[in-house]
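For this chain, numbers begin at 1 and follow the sequence in order. On a predicted model such as this, the values are computed, not experimentally measured, just so you know.
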Amino acid sequence: MAGAKSPAVSDAAAAAIEHKVHARVGLLGNPSDVYYGRAISLSLANFWASVRLCPSDELVITPHPVHDLVRFNSLDHLVNRLQSEGYYGGVRLLMALCKVFRCYCKDNNIDLHEGNFTLSYETNIPRQTGLSGSSAIVCAALNCLLDFYNVRHLVKVEVRPNLVLNAEKELGIVAGLQDRVAQVYGGLVYMDFSKENMEKLGHGVYIPMDISLLPPLYLIYAENPSDSGKVHSTVRQRWLNGDKFIITSMNEVANVALEGREALLEKDYAKLSKLMNRNFDLRRSMFGDECLGALNIEMVEVARRVGASSKFTGSGGAVVAFCPDGPSQAKLLEDECQKAGFILKPIQVVPSRLNDVDLNTLKIT
């Protein structure tokens with residue numbers, strides 16, 4: 001299947017294109033998505049990344065003036081910057097996505113016109129909070145390329161999370177499909193990554209859910225979070241080695257998402273609360289406190305001290321909390337977070353942003 005070649009840049013590429021992709025919250029089931037498990041995630045309206053594509057004579061990836069900083073006031077400024085922000089900004093993400101996109105189109109006989117472009121990005125997603133800031137940039141860039149080359153109808157929605165993940169794998173980022181699915185689809189999504197699905201389809205089975213099924217949720221995060229990149233390390237190897245405890249526990253985490261879907265459909269929020277706590281307790285038993293980090297655990301415990309349920313949004317750095325007793329409990333949570341020095345925000349959920357062209361690709365067998 002191929003797109004029509006054109007000697008000139010298509011109308012779709014004649015003007016600037018901009019796409020916004022929101023942060024995501026792993027509600028239930030993480031981290032079983034990288035272990036043939038299940039997950040439920042939602043798009044978080046509070047934070048987002050946007051990518052802008054403008055047609056240009058040459059292909060240019062524009063460094064961000066803050067996140068790709070290469071000019072400093074002093075040596076101390078450089079060191080402090082690296083300690084707080086790390087070595088990497090978004091330029092490498094955009095470059096990796098361009099490579100993966102081009103290779104995918106070539107392998108699938110999707111022709112691309114000869115026009116060039118300039119890519120730039122913005123983001124307000126807090127770093128290292130487990131809110132999928134990197135994949136938001138990549139996903140937004142993918143949307144820009146799909147429109148610039150007018151091939152959105154040729155790249156199935158189910159495949160797009162794989163492209164986003166493959167771009168990150170190019171850079172040595174270890175992650176699963178859950179985040180990318182949530183950001184490609186938007187809204188609230190249930191995902192089944194069973195081995196049978198992954199081997200037969202090359203991706204999971206993804207089922208959008210109505211966001212009105214969700215109760216009020218809260219986001220807790222720290223201004224100086226721990227690095228979320230270390231969390232999967234030893235557990236992954238133990239799983240590969242056939243460790244029975246890890247395999248059994250990870251299956252239980254996957255079942256939490258399965259039960260959670262039914263709880264949401266029935267609006268059984270008492271059950272949802274128990275499942276959220278169970279999800280974190282299983283993670284803690286597998287990874288251990290040293291690996292999870294004292295700050296991350298304290299964010300969970302702050303919520304539990306007032307009777308709220310809580311778990312990581314991702315691999316650490318932020319927590320999603322639910323107050324089953326309502327606004328009065330939420331006020332107690334706000335007070336506790338303030339005392340502990342954590343930031344608390346009511347979660348705003350973004351509805352699915354798939355358009356008619358995207359939805360039509362879901363019907364292609």
#### Entry: Test: K271 and E262 ion pair at under 4.0 Å
no

#### Entry: N/O donor-acceptor pair under 3.5 Å between S310 side chain and V300 backbone
yes

### Query
Hey, which of K311, R38, Q178 is the one that makes side-chain hydrogen bond (donor to acceptor under 3.5 Å, both in side chains) with N30?
K311

### Query
Between the side chains of S120 and T62, does any donor sit under 3.5 Å from an acceptor?
no

### Query
Does a sphere of radius 6.0 Å around CE in M95 hold more than 12 heavy atoms from other residues, nucleotides or ligands, not counting ones at 6.0 Å or beyond?
no

### Task
Examine I40 and L265 and state if one hydrophobic cluster contains both, with Ile, Leu, Val, Met, Phe, Trp and Tyr joined whenever side-chain heavy atoms are less than 4.5 Å apart.
yes

### Task
Working to the nearest 0.5 Å, report the span between CD1 of I247 and CG of N241.
9.5 Å

### Query
Can you get from L44 to V21 by hopping between Ile, Leu, Val, Met, Phe, Trp and Tyr side chains that sit under 4.5 Å apart?
no

### Task
With N143 as reference, evaluate K20, R152, E18 under the side-chain hydrogen bond (donor to acceptor under 3.5 Å, both in side chains) test and give the passing residue.
R152

### Task
Treat each ILVMFWY residue as a node, draw an edge where side-chain heavy atoms are under 4.5 Å apart, and state whether L354 and V357 are in one component.
no

### Task
Find the distance between CG (D179) and CD (E168) and round it off to the nearest 0.5 Å.
8.0 Å

### Task
Compute whether any side-chain donor of one residue and acceptor of the other, for D210 and S212, lie under 3.5 angstrom apart.
yes

#### Entry: Side chain proximity check, I211 to L42, heavy atoms < 4.5 angstrom
no

### Message
Is it the case that over 12 heavy atoms from other parts of the model lie below 6.0 angstrom from the CD atom of E301?
### Response
yes

#### Entry: Co-membership, hydrophobic cluster, residues L258 and L27, 4.5 Å side-chain
yes

### Message
Please tell me whether V350 and I347 are part of a single hydrophobic cluster in this structure, the criterion being side-chain heavy atoms less than 4.5 Å apart.
### Response
no

### Aromatic plane relationship, W239 with Y36 - under 30° parallel, 30 to 60° tilted, over 60° perpendicular
tilted

### Query
Do the rings of F47 and Y221 sit parallel, tilted or perpendicular, given the 30° and 60° boundaries?
perpendicular

### Query
So, are D335 and K339 salt-bridged, with charged N and O less than 4.0 Å apart?
no

### Task
Please indicate whether N355 has more than 12 foreign heavy atoms, meaning atoms of other residues, nucleotides or ligands, lying under 6.0 Å from its CG.
yes

### Message
With rounding to the nearest 0.5 angstrom, report the CG to CZ distance, D358 to R160.
### Response
4.0 Å

### Message
What I'd like to find out is whether the side chain of F312 reaches to under 4.5 Å of the side chain of V319, using heavy atoms alone.
### Response
yes

### Task
Could you go through the salt bridge (charged side-chain N to carboxylate O under 4.0 Å, His left out) check for E298 and R305 one step at a time?
CA-CA 10 Å; E298 177 60 15; R305 282 199 289 271; 2.7 Å; yes

### Query
Charged N to carboxylate O below 4.0 Å: is that the case for R261 and D192?
no

### Sub-4.5 Å side-chain heavy-atom contact between P208 and S352
no

#### Entry: Pairwise side-chain contact, L362 with L359, heavy-atom cut-off 4.5 Å (strictly under)
yes

### Query
Does a side-chain heavy-atom distance below 4.5 Å link D289 with I297?
yes

### Task
Starting at CD of E158, measure out to CG of L177 and round the result to the nearest 0.5 Å.
12.5 Å

### Task
Rounded to the nearest 0.5 Å, what's the gap from CG on L94 to CZ on F101? Could you check?
13.5 Å

### Query
Considering residues, nucleotides and ligands other than D57, do more than 12 of their heavy atoms fall under 6.0 Å from its CG?
no

### Query
Which word best sums up how the rings of F148 and F117 line up, parallel for under 30°, tilted for 30 to 60°, or perpendicular for over 60°?
perpendicular

### Summary
Rounded to the nearest 0.5 angstrom, the CG-OG distance for N279 and S32 is 8.0 Å

### Query
Do T361 and V155 touch side chain to side chain, with heavy atoms closer than 4.5 Å?
no

### Query
Please, which pairs that meet ring pair (Phe, Tyr, Trp, His ring centres under 6.0 Å) have at least one residue in residues 167-186, sequence neighbours excluded?
Y185-Y206

### Query
Is there a side-chain contact between M299 and C337 (heavy atoms, below 4.5 Å)?
no

